[in-house]
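Note sheet for the following structure.
Per chain, numbering begins at 1; letters A, B, ... match sequence-line order.
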Amino acid sequence: MIKKAAKTRLIVICGATATGKTAVSVEVAKKINGEIISCDSMQVYKKMDIGTAKVTKQEMESIPHHLIDIVSVSESFSAAKYKELALMAIEEIKNKGKEPIIVGGTGLYLDTLLLNANFSTVSKDEDLRKSLYDLEEKNGKGYLKKMLAEFDPLMADKLPENDLVRLVRAIEVYKLTGITKTEQNKRSKEIKSDFEPIIICLGYKNREKLYENINKRVDLMIENGLVQEVESLKNEFGENKTALNGIGYKEILGYLNGEYSLNDAINMIKQGSRHYAKRQITWFKRYENATFINVDETPDVPKATLDILSKYGIL
RNA sequence: GGGAGAAUUCCCGAGCGGCCAAAGGGGGCAGACUGUAAAUCUGUUGCAUUAGCUUCGGUGGUCCGAAUCCACCUUCUCCCA
């Protein structure tokens with residue numbers, strides 16, 4: 001296969017939670033002299049191991065993994081930060097003459113690399129955000145949407161009045177930079193990516209099987225001590241950190257606070273994980289030039305993955 | 001054994017004579033997504049997809065007309081024994 005030489009090829013293994021990305025990626029890395037760059041918004045946090053199903057030392061089989069355990073729960077992280085660090089890691093691995101492999105399920109972070117999303121230069125402004133939320137609260141539903149419409153009608157039009165997260169960010173960007181969110185997005189899209197990704201997406205043909213798998217995995221997390229993990233994070237960092245908003249963490253926190261039983265918490269985690277997987281599937285479906293592997297009907301997934309890679313001239 | 005009540009669409013749960021294929025929530029399905037993303041938000045959900053057809057435990061009634069009223073049957077819950 002002939003590639004455009006101008007772009008750098010980049011191997012990506014993505015897929016919903018519980019599809020076996022970790023194991024496959026390690027196998028592949030061993031075969032192609034690769035190193036793994038995680039693309040997971042929760043595994044970046046230290047001490048969040050069980051609930052994020054983080055790769056263990058043994059599972060790594062001495063394949064280097066990047067962007068795991070890089071920030072404390074007390075720090076804030078972002079897609080923009082991820083992009084920056086991932087680019088550095090890619091560079092570093094390439095310089096060693098090895099093959100970087102992006103592995104993970106956080107769609108936004110992936111896009112950040114693959115589309116070269118160029119985020120607004122402004123980071124979040126907590127005070128501004130809080131005051132905007134207060135305004136909506138005081139003046140009623142739709143207030144922020146109307147406010148945004150005054151200077152960025154295009155964006156306001158796209159966002160439902162309930163999508164406060166995006167409404168607030170759109171207003172924030174404008175207030176802090178004088179540039180409209182619409183304009184900001186447009187500029188970002190004009191910059192093309194330097195990468196030519198080879199995307200392999202793992203999934204299940206049979207959705208029920210995926211869901212069963214997720215359920216089992218949650219039970220295993222509990223057996224492995226999720227409750228204790230959350231408890232110690234709570235003691236160390238308090239419970240209002242963004243990181244502890246992750247699935248498995250927020251539910252256990254509720255249980256620890258006596259809001260409901262452990263069993264209820266477990267069911268909530270399963271439910272939340274299934275919903276999450278569904279969202280991931282929706283996201284990855286958009287990757288039109290990705291190759292999809294149905295894990296539940298492929299006997300040897302690592303081999304199937306390598307076969308695909310060899311078609312692209314790797315190996 | 002006697003008494004009171006309940007059975008609604010995948011689940012929970014409104015409806016209590018027409019405006020009901022039936023509120024609302026959950027779940028399912030589908031979608032969005034550019035510095036919180038494991039977050040946040042949207043649509044859809046009896047079948048046929050026009051007309052129309054079949055639903056509200058079962059059977060039979062009343063009525064122009066019933067998920068809603070009556071009778072009996074079945075199952076369940078609660079109370080007194």
Give me the ring orientation class for A:Tyr109 and A:Tyr82: parallel if the planes are under 30° apart, tilted from 30 to 60°, perpendicular past 60°.
parallel

Relative to each other, are the rings of A:Phe77 and A:Tyr45 parallel, tilted or perpendicular (30° and 60° limits)?
perpendicular

Can you see if the side chain of [X] gets near the phosphate of [N] - specifically, an N or O under 4.0 Å from OP1 or OP2?
X	N	answer
A:Lys278	B:rA30	yes
A:Arg166	B:rC33	no
A:Tyr109	B:rA37	yes
A:Lys285	B:rG31	yes
A:Asn162	B:rU40	no
A:Arg129	B:rU36	yes
A:Arg286	B:rC33	yes
A:His275	B:rG27	yes
A:Tyr211	B:rC29	yes

Of the listed nucleotides [options], the one nearest the side chain of [X]:
X	options	answer
A:Ser188	B:rU34, B:rC29, B:rG35	B:rU34
A:Arg274	B:rA37, B:rA39, B:rG27	B:rG27
A:Thr282	B:rU40, B:rC41, B:rG31	B:rG31
A:Lys124	B:rG31, B:rU36, B:rU34	B:rU36
A:Arg207	B:rG35, B:rA39, B:rC29	B:rC29

Same-atom distance (C1') from B:rU62 to B:rG52, integer angstrom
28 Å

Strictly by Watson-Crick or wobble contacts shorter than 3.5 Å, is anything paired with [N], and which nucleotide is it?
N	result
B:rC69	B:rG61
B:rA14	none
B:rA7	B:rU74
B:rG1	B:rC80

Within the 4.0 Å heavy-atom criterion, would you say [X] contacts the bases, only the backbone, or no part of the nucleic acid?
X	result
A:Thr17	nothing
A:Gln271	sugar-phosphate
A:Lys181	sugar-phosphate
A:Lys81	nothing
A:Asp40	base

Does A:Arg169 get its side chain close enough to the base of B:rA37, under 3.5 Å, for a donor-acceptor pair?
no

Just how far, in rounded Å, is P of B:rU36 from OH of A:Tyr82?
17 Å

Nearest heavy-atom pair of A:Ile102 and A:Cys39: which atoms, and what distance?
CG2-CB, 3.9 Å

